[in-house]
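Reviewing the structure listed below.
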Number of protein chains: 2
Amino acid sequence: MPPSAARADTRHSPRKRAGNGAAPRDVGDDVGLDALVGHAGYAVRRFQIWIFQDFIKTLRDVDIRPTQYSVLTVIGANPGLSQMAVAKRLGIERARLVHLLDSLEQRKLVKRIKSKEDRRSHALHLTAQGETALEKFKRLAAEHERHVEAKIGKENRAQLLRILSGFT
Amino acid sequence: MPPSAARADTRHSPRKRAGNGAAPRDVGDDVGLDALVGHAGYAVRRFQIWIFQDFIKTLRDVDIRPTQYSVLTVIGANPGLSQMAVAKRLGIERARLVHLLDSLEQRKLVKRIKSKEDRRSHALHLTAQGETALEKFKRLAAEHERHVEAKIGKENRAQLLRILSGFT
DNA sequence: GAAAGATTGTTGTTGACGACAACAATTGCC
DNA sequence: GGCAATTGTTGTCGTCAACAACAATCTTTC
């Protein structure tokens with residue numbers, strides 16, 4: 001990752017060394033991003049890649065990825081939710097949630113209980129093992145969050161959460 | 001997307017209606033996120049999904065996705081770059097860039113020129129058609145950026161760019 | 001109460017994407 | 001001159017979003 005490479009380059013005309021066209025220039029890191037700086041999407045994408053990689057690395061021992069963590073957290077806080085409700089709340093495809101739950105159920109962290117009221121749906125619950133495991137996951141996730149603070153600054157992280165609070 | 005659903009829920013104990021376990025609760029949208037609020041990664045992920053969807057929608061007529069736009073922009077601003085240099089600068093796999101360039105070259109937007117100096121590498125350039133097309137792409141991308149401003153606020157967007165400037 | 005329509009979980013496909021591994025051609029190093 | 005490294009390419013694997021189709025089950029409507 002290029003944490004602090006050359007930025008602030010908004011020229012529209014090609015740069016030095018444009019010449020004819022048979023000379024590949026890549027020595028050094030003075031490659032301008034042009035219009036890319038100033039695009040929120042680009043910065044957010046790069047940041048998201050970094051943040052996910054750190055999350056995965058920090059929770060490597062317990063083998064939990066961000067999406068799995070979000071599913072477990074929501075079920076833990078709202079026992080009895082249906083799959084559709086979880087999918088809608090987290091903004092993931094219900095088709096994808098099926099596989100996620102298959103995996104989590106195999107690992108004895110979650111159980112699907114057939115509902116008596118609506119026999120189409122399943123009521124989702126954490127197992128006892130899942131409860132204690134989630135506690136550990138949360139501690140590790142908090143550690144990851146401290147990495148984020150160290151990376152962008154405590155105050156900036158708080159500000160970022162405030163700005164994006166409408167998307168959660 | 002749940003733009004302004006119930007937030008600020010940091011309880012650790014299960015919520016109302018926990019009961020035994022055969023009742024699926026998903027009526028209404030009072031599903032708490034628990035520890036998920038307070039995780040920058042979750043908010044950033046949701047925001048990134050929104051922002052990419054808007055970008056794709058805004059540039060639908062010209063059929064350009066964010067990654068393609070970033071590649072074209074960097075080549076346009078740095079003619080003659082090698083594939084390796086572009087990949088490194090944008091943080092994408094060089095293997096993936098191959099397919100991206102295949103597509104862009106088929107559409108006559110980019111051309112690979114065999115380098116005389118280093119016969120392993122290609123010097124990347126925009127075609128004349130690619131230059132004019134990129135102009136249009138940039139106008140549409142600017143329109144997308146205004147959507148972002150409308151969504152999170154002009155000042156917040158600027159602040160966000162400032163916070164994440166280290167990742168570009 | 002029965003038919004028509006909607007919802008839930010499931011399976012499958014498609015395509016974008018990141019991560020790796022292997023390979024031939026070429027370059028740089030010693 | 002020979003060996004390691006680099007560049008572009010091809011391929012595989014797993015994650016992920018977006019759809020489409022389906023059976024079982026509600027819900028609505030007549």
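Proteins come first, then strands; the chains are lettered A, B, ... in the order of their sequence lines, and each starts at number 1. Everything quoted here is computed from the prediction, not taken from an experiment.
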Grab the CD-C1' distance between E117(A) and dT25(D) for me, whole Å please.
-> 14 Å
Distance (rounded to the nearest 0.5 Å) between T73(B) OG1 and K138(B) NZ | 5.5 Å
With distance as the sole criterion, do the side chain of R120(A) and the base of dG9(C) form a donor-acceptor contact below 3.5 Å?
-> no
hydrophobic_cluster_shared for V62(A) and L101(A), side chain cutoff 4.5 Å = yes
Between dA19(C) atom P and K57(A) atom NZ, what is the distance in whole Å?
-> 12 Å
Under 4.0 Å: is that the gap between some side-chain N or O of Q83(A) and OP1 or OP2 of dT10(C)?
-> yes
Take atom CZ of R96(A) and atom P of dT15(D), then tell me their distance rounded to the nearest Å.
-> 8 Å
To the nearest 0.5 Å, atom CZ of R112(A) lies from atom CD of Q83(A) at 5.0 Å
Begin with the C-alpha distance, continue with both residues' side-chain angles, and end with the deciding distance and a verdict on ring pair (Phe, Tyr, Trp, His ring centres under 6.0 Å) for Y69(B) and F137(B).
-> CA-CA 8 Å; Y69(B) 175 75; F137(B) 301 161; 7.5 Å; no
Between R94(A) and P66(A), name the one whose nearest nucleotide on DNA chain D is closer to the 5' end.
-> P66(A)
Are any of R112(B)'s side-chain N or O atoms less than 4.0 Å away from OP1 or OP2 of dT9(D)?
-> yes
To the nearest Å, how far apart are K114(A) NZ and dG9(C) C1'?
-> 12 Å
Measure from CD on Q48(B) to P on dA16(C) and round the result to the nearest Å.
-> 16 Å
If you check the R119(B) side chain, which of dC19(D), dT26(C), dG9(C) turns out closest?
-> dT26(C)
Could you tell me whether the phosphate oxygens of dA16(C), OP1 or OP2, come under 4.0 Å of any side-chain nitrogen or oxygen in T67(B)?
-> no
Starting from the 5' end of DNA chain D, give me the residue, L100(A) or D102(B), whose nearest nucleotide shows up first.
-> D102(B)
Between dA16(C) and R65(B), is there an OP1 or OP2 to side-chain N/O distance shorter than 4.0 Å?
-> no
Out of dT11(C), dA19(C), dT7(D), which nucleotide sits closest to the side chain of V98(A)?
-> dT11(C)
Spacing of Q53(B) atom CD relative to dA17(D) atom P, expressed in whole Å = 10 Å
Given DNA chain C, 5'-ward residue of the pair A95(A) and R45(A), judged by closest heavy atom | A95(A)
When we call it a touch if two heavy atoms are under 4.0 Å apart, what does I49(B) touch: a base, just sugar-phosphate, or nothing?
-> sugar-phosphate
Taking CG from L81(A) and C1' from dT8(C), how many angstroms apart are they, rounded to a whole number?
-> 14 Å
Between atom NZ in K88(A) and atom P in dG9(C), what is the gap in whole Å?
-> 10 Å
Between Q129(B) and R107(B), a side-chain donor and acceptor under 3.5 Å | no
